[in-house]
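Notes follow the structure.
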Protein chains: 2
Amino acid sequence: MKIGELAKKSGLSAHTLRFYEKQGLIKVNNRSESNYRIYNNADLDTAKFIKRCRDMGFSLEEVEVFLSIRSDRPAHICADAKNITAIKITEVEDKISELQQILIALHKLSDACCGGNESAELCSIIDALDNDKEQDKTEA
Amino acid sequence: MKIGELAKKSGLSAHTLRFYEKQGLIKVNNRSESNYRIYNNADLDTAKFIKRCRDMGFSLEEVEVFLSIRSDRPAHICADAKNITAIKITEVEDKISELQQILIALHKLSDACCGGNESAELCSIIDALDNDKEQDKTEA
DNA sequence: ATAGACTTTAGAGTAGACTCTAAGGTCAAC
DNA sequence: GTTGACCTTAGAGTCTACTCTAAAGTCTAT
């Protein structure tokens, strides 16, 4: 199949497929006489593999490692794959915690403000952003 | 005070303060004879205000809006500030949901794998990334 | 034979928010 | 009078992952 078909079947754009090739994630072995990239089902599997990794939050660098494990499994051990996953889990957990902290702070901001058509002269959102002591007051 | 002191007191770097100035978030009114930027306490308050906004996840564009409300409160209404906050809350909530979905998927990946020194020939992480049907199996 | 859809390439552009560099000027202390 | 810490500028570089462009070649259908 040509790149357009691979794009459609994998869910990646043709641009992105060429980009991944440039990054060394995908190798194209076949070219048509007119120099078009020709892909087979194994290439489709690889493209889908990469897409699944990306959808799970892995960076291209991490995908590269997964691909190298995948391409020569006996040369690797389960720990190789599991460690990357464990690190990613920690990263995602940390990010969620951070966002939850932010969310709490945002709700605190929002709840204190009427949000109406009143002049913002006394707006407690601006007050809170302006002054740390606003928070202390809330906690006191 | 000069930029170094403002940096220390605000928690922003001197580079960042100059960058914010270039972006129009901060205006510097005073310059010393030797052309050094001279800041006062109001400038410090503004710098801290911006930092607090950033820490709460607001983009520089959003900070700009908050600053304009702050600089002329009677010209604005509470809804101006509250709407931005509400949108940000939704964004953060969406991002958290997305990350939680990813986290579930990552745990599923991780739990299926022994993670030991065994050869990755049968590694279920790579299997799962390679094949949608792996997931169907789990769900069946 | 020609329109329209597809493909090719190298390389530039995008987003957001910094972060750094080079080459120079200033200032306080010893 | 010199060291070292600070300041100035315009502009380039960083990061990640695309995304797009231009100019050209190819394929399919009518």
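Predicted, not measured: the structure shown is a model, and the values here were computed from it. Quick note on labels: first sequence line is chain A, next is B, and so on, each numbered from 1.
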In residues 94-104 of chain A, which ones come under 4.0 Å of DNA chain D, going by heavy atoms?
none
Nearest-Å distance for atom pair CG/C1', residues Leu6(B) and dT8(D)
16 Å
If I take atom CG in residue Leu25(A) and atom P in nucleotide dC18(D), what distance separates them, rounded to the nearest angstrom?
9 Å
Any Met1(B) side-chain heavy atom under 4.5 Å of Ile38(B) side chain
no
Euclidean distance, atom CG of residue Asn35(B) to atom C1' of dG24(C) [Å, nearest integer]:
13 Å
Are Thr46(B) and Ile50(B) close enough that some pair of their side-chain heavy atoms sits under 4.5 Å apart?
yes
Walk along nucleotides 24-30 of chain D from 5' to 3' and tag each nucleotide B, S or - by protein heavy-atom contact under 4.0 Å, base first, then sugar-phosphate.
-BBS---
Flag the pair Arg54(B) / Tyr20(B) as yes when at least one side-chain heavy-atom distance between them is below 4.5 Å, and no otherwise.
yes
Candidate pair Lys88(B) and Glu62(B), rule salt bridge (Lys or Arg N to Asp or Glu O under 4.0 Å), full reasoning
CA-CA 10 Å; Lys88(B) 183 59 56 183; Glu62(B) 288 158 344; 3.0 Å; yes
Go through the steps for Asp55(A) and Lys51(A) under the test side-chain contact (heavy atoms from CB on, under 4.5 Å), then give the verdict.
CA-CA 6 Å; Asp55(A) 287 347; Lys51(A) 176 145 189 0; 2.9 Å; yes
Using whole Å, what does the distance between atom C1' of nucleotide dT9(C) and atom CD of Glu21(A) come to?
11 Å
Output for pair (Leu12(B) CG, Leu17(B) CG), nearest 0.5 Å, gives 5.0 Å
Any donor-acceptor N/O pair, Ser124(B) side chain to Ala112(B) backbone, under 3.5 Å
yes
When you measure from the centre of the six-membered ring of Phe49(B), is the NZ or CZ of Arg70(B) under 6.0 Å away and within 45° of the axis?
yes
Atom CD1 of Ile50(A) and atom C1' of dC18(D) are separated, to the nearest Å, by 14 Å
In whole angstrom, give the distance that lies between atom CD of Glu5(B) and atom C1' of dA5(D).
15 Å
Rounding to an integer number of Å, can you tell me how far Arg31(B) CZ sits from dC27(C) P?
14 Å
Ignoring hydrogens and geometry, is there a side-chain-to-backbone donor-acceptor pair from Ser110(B) to Leu106(B) under 3.5 Å?
no
Side chains of Asp72(B) and Pro74(B) in contact at under 4.5 Å (non-hydrogen atoms):
yes
Produce a footprint string for nucleotides 13-19 of chain C: one letter per nucleotide, 5' end first; B if the base is under 4.0 Å from any protein heavy atom, S if only the sugar-phosphate is, - if neither.
----SBB
Report yes or no: does Asn83(A) contribute a side-chain atom to a donor-acceptor pair with the main-chain N or O of Ala79(A) at less than 3.5 Å?
yes
Is Arg37(B) close enough to dT9(D) that one of its side-chain N or O atoms is under 4.0 Å from OP1 or OP2 there?
yes
